[in-house]
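This report concerns only the one structure given below.
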Amino acid sequence: MGTVTQGGSRQGRTPLIAGNWKMNLDYQQAIALVQKLDWALKDAKHDASSVEVAVFPPFTDLRSVQTLISADKIEFSLGAQDLSVHDSGAYTGEISGQFLKKLDCGYVLIGHSERRQYHDEGDDVVAAKVKAAIKHGLVPVICVGETAEDLETHGASAVPVAQLKTALTDVAAGTEVVVAYEPVWAIGSGQAATPEQAQQVCEKLRAVVAEALGADAAAATRILYGGSVAAGNIAGFMREPDVDGALVGGASLKVDDFAAIIRYQKHVGV
Ligand code: 13P
């Protein structure tokens, strides 16, 4: 952490632009994308210290991406899209946090709405996975967000606030976490939240972090917005004081789009 950026007032939190590839790209396609992205940023003389870039490939790509990042000295962080609540043992198909750590993963997504929706992951499973990540030295990227129905019934912040409170139960004060606010209705829909909507919820989520982990941790915690982030709307989000970056799905699979999102500081008016 360290660099104070233009736009927003984020007290030294280094912005984090993260690409969640979901179930896209085999290992060869993964290598090609990371190489092209690195070249695009270097060609544009992007200042790598101003924004942290992280990629979250499928499990089967992690080893290849790790090897490329370390061989070519590419300044991207690596994360996984999920982990097991267990350390090891007879859990067919599961992936332990200790295996991810060994692959130099710094981060792991937890509680993405697609895991909640298609794999029935409730808040209790999310909380257990947060603990498993921390135990293995991974920073959990805790995903929260309301559905369109929640939005109508409870407003924007009630569900994400409740989800985050449960996810942080019994997490020690001062622990590093990242929070991703992803309204489910905005994911893959082309209909992003407005920067003001994102700010309102992210501010409340920071208050939850303060209550659970302390004021210093809350001031240091990166809170990301996710849901139809694109080159054309990132600058607006990054102007908000409690939005410290983005969790990008579809646009992270396209080199030019993702490079433009990473280079949001160059966009007019930021
Ligand atoms: P899109 O950027 O494709 O809307 O996906 C957002 C997301 O789910 C990232 O985790």
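Predicted model, so just to flag it, every value in this text is computed and none were measured.
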Worksheet entry | For Ala133 against Ile110, the heavy-atom pair lying closest together | CB-CD1, 3.9 Å
Worksheet item: What heavy-atom pair brings Ala172 and Leu213 nearest, and what distance separates the two atoms?
Response: O-CD2, 3.5 Å
Worksheet item: Going by distance alone, is a donor N or O of one side chain under 3.5 Å from an acceptor N or O of the other, for Glu114 and His119?
Response: no
Worksheet item: If you look at every heavy atom in Pro140 and Glu176, which pair is closest and at what distance?
Response: CD-O, 3.7 Å
Worksheet, complete the sentence: Heavy atoms of Ala193 and Pro183 approach each other most closely as CB-CG, 4.4 Å
Worksheet item: Which distance, rounded to the nearest 0.5 Å, do you find between the CG of Leu253 and the CD of Gln29?
Response: 10.0 Å
Worksheet item: Is there a donor-acceptor pair under 3.5 Å between the side chain of Lys36 and the backbone N or O of Val255?
Response: no
Item to complete: Taking Arg13 for its side chain and Ala219 for its backbone only, find out whether a donor-acceptor pair lies under 3.5 Å.
Response: yes
Worksheet item: In terms of side-chain geometry, is the basic nitrogen of Lys135 or Asp87 positioned less than 4.0 Å from the acidic oxygen of its partner?
Response: yes
Worksheet item: Counting only heavy atoms not in Lys131, do more than 12 fall under 6.0 Å of its NZ?
Response: yes
Worksheet item: Does any donor atom in the side chain of Tyr181 or Glu146 lie under 3.5 Å from an acceptor atom in the other side chain?
Response: yes
Discussion item. Assess whether a salt bridge exists between Glu121 and Arg116, defined as any Lys/Arg side-chain N lying under 4.0 Å from an Asp/Glu carboxylate O.
Written reply: no
Worksheet item: Are Phe56 and Ile234 joined in one hydrophobic group, where the rule is that I, L, V, M, F, W and Y side chains link up if heavy atoms are under 4.5 Å apart?
Response: no
Discussion item. Tell me if a side-chain donor or acceptor on Ser228 pairs with a main-chain N or O of Ala186 at a distance below 3.5 Å.
Written reply: yes
Fill in: Chi angles and distances behind the side-chain hydrogen bond (donor to acceptor under 3.5 Å, both in side chains) call for Trp185, Glu149
CA-CA 9 Å; Trp185 50 267; Glu149 202 184 332; over 6 Å; no
Worksheet item: Do Ile142 and Leu168 come close enough that some side-chain heavy atom pair is under 4.5 Å?
Response: yes
Worksheet item: Around atom CD of Gln35, are there more than 12 heavy atoms of other residues, nucleotides or ligands at under 6.0 Å?
Response: yes
Discussion item. Between Thr147 and Asp150, is there a side-chain donor-acceptor contact under 3.5 Å, judged purely by atom types and distance?
Written reply: yes
Discussion item. For a 4.5 angstrom cut-off between non-hydrogen side-chain atoms, does Leu37 reach Phe258?
Written reply: yes
Fill in: Separation of Ser70 OG from Leu103 CG (nearest 0.5 Å)
11.5 Å
Practice prompt. Nearest 0.5 Å please: distance from the CD1 atom of Ile261 over to the OG atom of Ser252.
Written response: 8.0 Å
Worksheet item: Got a second to check how far Ser157's OG is from Leu164's CG, nearest 0.5 Å?
Response: 12.0 Å
Discussion item. Using only atom types and a distance under 3.5 Å, with no angle test, would you say the side chain of Asp257 pairs donor to acceptor with the backbone of Lys254?
Written reply: no
Discussion item. Are Val141 and Phe99 linked, directly or through intermediate hydrophobic residues, by side-chain heavy-atom contacts shorter than 4.5 Å (ILVMFWY only)?
Written reply: no
Practice prompt. Starting from the C-alpha separation in whole Å, work towards a yes-or-no answer on side-chain contact (heavy atoms from CB on, under 4.5 Å) for Val179 and Leu224.
Written response: CA-CA 6 Å; Val179 178; Leu224 316 181; over 6 Å; no
Worksheet item: When the ring planes of His86 and Tyr91 are compared, do they come out parallel, tilted or perpendicular, using 30° and 60° as the limits?
Response: parallel
Worksheet item: Shared ILVMFWY cluster between Val65 and Leu16, side chains joined below 4.5 angstrom?
Response: no
Response to the item:
Rounded to the nearest 0.5 angstrom, the OG1-CG distance for Thr67 and Asp72 is 10.5 Å
Item to complete: Tell me whether Phe76 is reachable from Tyr27 by hopping between hydrophobic residues (I, L, V, M, F, W, Y) whose side-chain heavy atoms are closer than 4.5 Å.
Response: yes
Worksheet item: Does the Gln98 side chain pair with the main chain of His136, one donor and one acceptor, at a distance under 3.5 Å?
Response: no
Fill in: From CG (Asp38) to CG (Leu68), nearest 0.5 Å
7.5 Å
Practice prompt. Locate the shortest heavy-atom distance separating Val51 from Ile262; write the atom from each residue and the value.
Written response: CG2-O, 3.8 Å
Discussion item. Looking at Asp216, I want to see if its CG is surrounded by more than 12 non-hydrogen atoms of other residues, nucleotides or ligands under 6.0 Å.
Written reply: no
Discussion item. Any donor-acceptor pair under 3.5 Å linking the side-chain atoms of Glu182 with those of Ser113?
Written reply: no
Item to complete: Determine, step by step, whether Ser77 and Glu52 satisfy the side-chain hydrogen bond (donor to acceptor under 3.5 Å, both in side chains) criterion, reporting the C-alpha distance in whole Å, the side-chain angles of both residues, the deciding distance to 0.1 Å, and the verdict.
Response: CA-CA 7 Å; Ser77 301; Glu52 181 180 353; 2.7 Å; yes
Worksheet entry | Lys129 bridged to Asp82 by N-O distance under 4.0 Å | yes
Discussion item. Could you report the tightest heavy-atom contact between Gln265 and Ser50, atom names first, then the distance?
Written reply: OE1-OG, 3.1 Å
Worksheet item: Going by an N to O cut-off under 4.0 Å, is there a salt bridge joining Arg206 and Asp244?
Response: yes
Discussion item. Membership question, hydrophobic clusters at under 4.5 Å side-chain separation (ILVMFWY): are Val161 and Leu151 in the same one?
Written reply: no
Worksheet item: Distance-only, no hydrogens or angles: does the Arg263 side chain make a donor-acceptor pair with backbone N or O of His46 under 3.5 Å?
Response: no
Worksheet item: Does CD in Glu196 sit with more than 12 non-hydrogen atoms of other residues, nucleotides or ligands closer than 6.0 Å?
Response: yes
Practice prompt. Identify whether the distance between the nearest side-chain nitrogen and carboxylate oxygen of Lys165 and Asp123 falls below 4.0 Å.
Written response: no
Worksheet entry | Reference residue Asp242; test side-chain hydrogen bond (donor to acceptor under 3.5 Å, both in side chains); the match among Gln200, Lys204, Gln199 | Gln199
Worksheet item: Just by modelled atom types, is the Gln28 backbone N or O under 3.5 Å from a matching donor or acceptor in the Asp26 side chain?
Response: yes
Discussion item. Is it the case that the side chain of Tyr264 and the backbone of Lys266 share a donor-acceptor pair, with hydrogens and angles ignored and the cut-off at 3.5 Å?
Written reply: no
